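Reading through the structure tokens given below for one structure.
Quick note on labels: first sequence line is chain A, next is B, and so on, each numbered from 1. Quick caveat: nothing in here was measured; it's all calculated off a predicted structure.
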Amino acid sequence: MPGSCPGSPLPTFAVNLMNKTRAYGRTVGGLRSLSLQAPAVTLLLLWMLVPLGMTLWFSFQRYNLLMPGMTGFAGLENYEYLLTDPALWSAMGVTLLLVGWVLFITVVGGTLLAVLFQQDFLGRGVARVLAISPFFVMPTVSALVWKNMMMHPANGVLAWLANLFGLPAVDWFSSLPLTSIVIIVAWQWLPFALLILLTAIQSLDDDQVEAARMDGAGPIAVFFFITLPHLKRAISVVIMIEMIFLLTIFAEIFVTTSGGPGLATTNLAYLIYIQALLDFDVGTASAGGVIAIILANIVAIFLVRLVAKNLES
Amino acid sequence: MTTPRYKRFLLAVLAWAIALIIFFPILWMALTGFKTEAAAIADPSFVFSPTLESYVAVHARADYLKFALNSVVVAFGSTLLALLIAIPSAYSMAFLPTPRTKGTLLWMLSTKMLPPVGVLMPIYLLFRDTGLLDTLTGLIIVYTLMNLPIVVWMLYTFFKDLPRDILEAGRMDGASTLQEVRHLLLPLTLPGIASTGLLAVILSWNESFWSLNLTSSDAAPLTAYIASFSSPEGLFWAKLSAASTMAIAPILVFGWLTQKQMVRGLTFGAVK
């Protein structure tokens, strides 16, 4: 993901950090490190500023690839068009529901599973590997496997299971489209939460747990008063990283529902894609892009702060 | 205090049941790849006579190999390029820290925060105007820049873990910076560099936003090829399964191998 937002919080704490570390700085080392870092910094700076500047510029222009005659400064027209379009608000709602539900499922599920897989049992290593595997499957494969082989109303495994219990088969993508997408995306990201939280839980002090047990704390009390506080930071990292990625889920929608039926599964990313590469409306798509950037940056501010705090210690 | 045996047994059963349920779609896909098309859409069954006909059919379509090769070139090309650009940068951040170092690191992290869809239009138009649309070069450029912040961060954390005395000793013996890097730093941090590279390969291999939007046929990697099975005429489940299994198998193994170090990279060192 390229770019950063002009409104990002970096300047202030970049300055703070500079002041804190100024004492170690040396001019000679500074010059040498400048030249060593130059390629990476220059490339990232270009990768960030050029597209960002262009998106901002386009968002104020009348610019449609299908209507070459229509050009010029549009002022806030694109934004006005977008903000008064019910499709945008529907897409915002879909984005929010998708992010909210997947976060809920993966964070709660991931925490419980991390505790479970931390226990000592036969074949724990293999079971863990199986459980984190979906995270490494490419999104287009996950989405199509679920769409065809799991959720297909006639030949899918879920339909077969429902049949077995005498229940009617569910036509997942037409009757519960957003739920289906949530299931697929949660299946991909639950392993991510599990992987991170399992790593974090391993640094939990066994003596502390043992001491609490001696004092008569049951497993539930241990979970709420020792494990959960210990995982607090890891959980917030999981939430923020997932939010940034989930805000712009694309491939899973692209290969399953194409945003439909109607607008039922069109999230912000898919709406911008429709405007950009199907309608070729550069101006409106860019205005949508700016909105997506602002949303992502609200989350990013908190994540960068947290990482910065960690860097100091 | 020990947990009673029956409780531990129940716990093991529960954990294994959940692990198998989570893994089931992948297992099912792998099995379906060995079925005939007729068996693939018949009632689910673990009992069937395995056949390689779908694998043969997928390979017979010469284009599968083309897409697979595209994935390999793009994933490994962008990873090598990112490592080449990132190693000097991470070296200077770890061993020659200046007042700017932490600020630069955080700024690099923040460049990962921008949603790709926010800059879809400019990148698409720039690529169209420079002839990079649907080329391997174009995808390699995007993936290199996409992964550069993570690669710098991971290398930085690995380099910082290296005891400084070792490099100092090398310098005392009259090693130049280049010798120091080649004969001390790189060999000593090779496991870290390898897992950084593997993470970058995994991320590029699975990337499915730019690959779907910036390629159409010539440079399409496996993610885009698999997406073509979503069209109604592409409902060949056994072939889809065979192709998908081949597409994810190597990456799954990479993922299993690097899961520990990957946490570092994915959380920017916030969880170790």
Contact class of [X] relative to chain B, heavy atoms under 4.5 angstrom:
X      : result
A:Y270 : neither
A:W146 : side chain
A:L65  : side chain
A:V50  : side chain
A:A276 : both
A:L113 : side chain
A:I132 : side chain
A:L130 : both
A:L190 : side chain
A:M150 : side chain
A:V237 : side chain
A:I241 : side chain

Contact class of [X] relative to chain A, heavy atoms under 4.5 angstrom:
X      : value
B:I141 : neither
B:I85  : both
B:I22  : both
B:I226 : both
B:S244 : both
B:L125 : side chain
B:A227 : both
B:L11  : both
B:T32  : side chain
B:Y225 : neither

Quick one: list whatever passes side chain to side chain donor-acceptor pair (under 3.5 Å) with A:D281, sequence neighbours left out.
A:T284

With sequence neighbours left out, write down each residue that passes side chain to side chain donor-acceptor pair (under 3.5 Å) with A:S236, or none if nothing qualifies.
none

Result of checking B:L114, B:V142, B:T144 against A:W47 for side chain to side chain contact (heavy atoms under 4.5 Å, CB included)
B:V142

Can you tell me how far apart CZ (B:R8) and CG (A:D120) are? Round to the nearest 0.5 Å.
5.5 Å

So CG of B:L252 and CZ of A:F135: to nearest 0.5 Å the spacing works out to 12.5 Å

Residue, of [options], that accumulates the most heavy atom pairs under 4.5 Å with chain A:
options                        : result
B:A90, B:S92, B:A82, B:A12     : B:S92
B:T245, B:L148, B:L105, B:V151 : B:L148
B:Y91, B:F95, B:F209           : B:F209
B:A86, B:A247, B:G255          : B:G255
B:N213, B:L14, B:L109, B:V152  : B:N213

Looking only at atom types and distance, does a side-chain atom of A:T55 sit under 3.5 Å from a main-chain N or O of B:G118, one as donor and one as acceptor?
yes

Could you check whether any side-chain N or O of B:W28 sits under 3.5 Å from a backbone N or O of A:V145, counting only pairs where one atom can act as donor and the other as acceptor?
no

Please name the pair of heavy atoms, one in A:V304 and one in B:S110, separated by the smallest distance, quoted to 0.1 Å.
CG2-CB, 4.3 Å

Would you call B:I251 and A:M138 a side-chain contact if the rule is heavy atoms closer than 4.5 Å?
no

Geometric class of the A:H152/B:W237 ring pair [parallel <30°, tilted 30-60°, perpendicular >60°]:
perpendicular

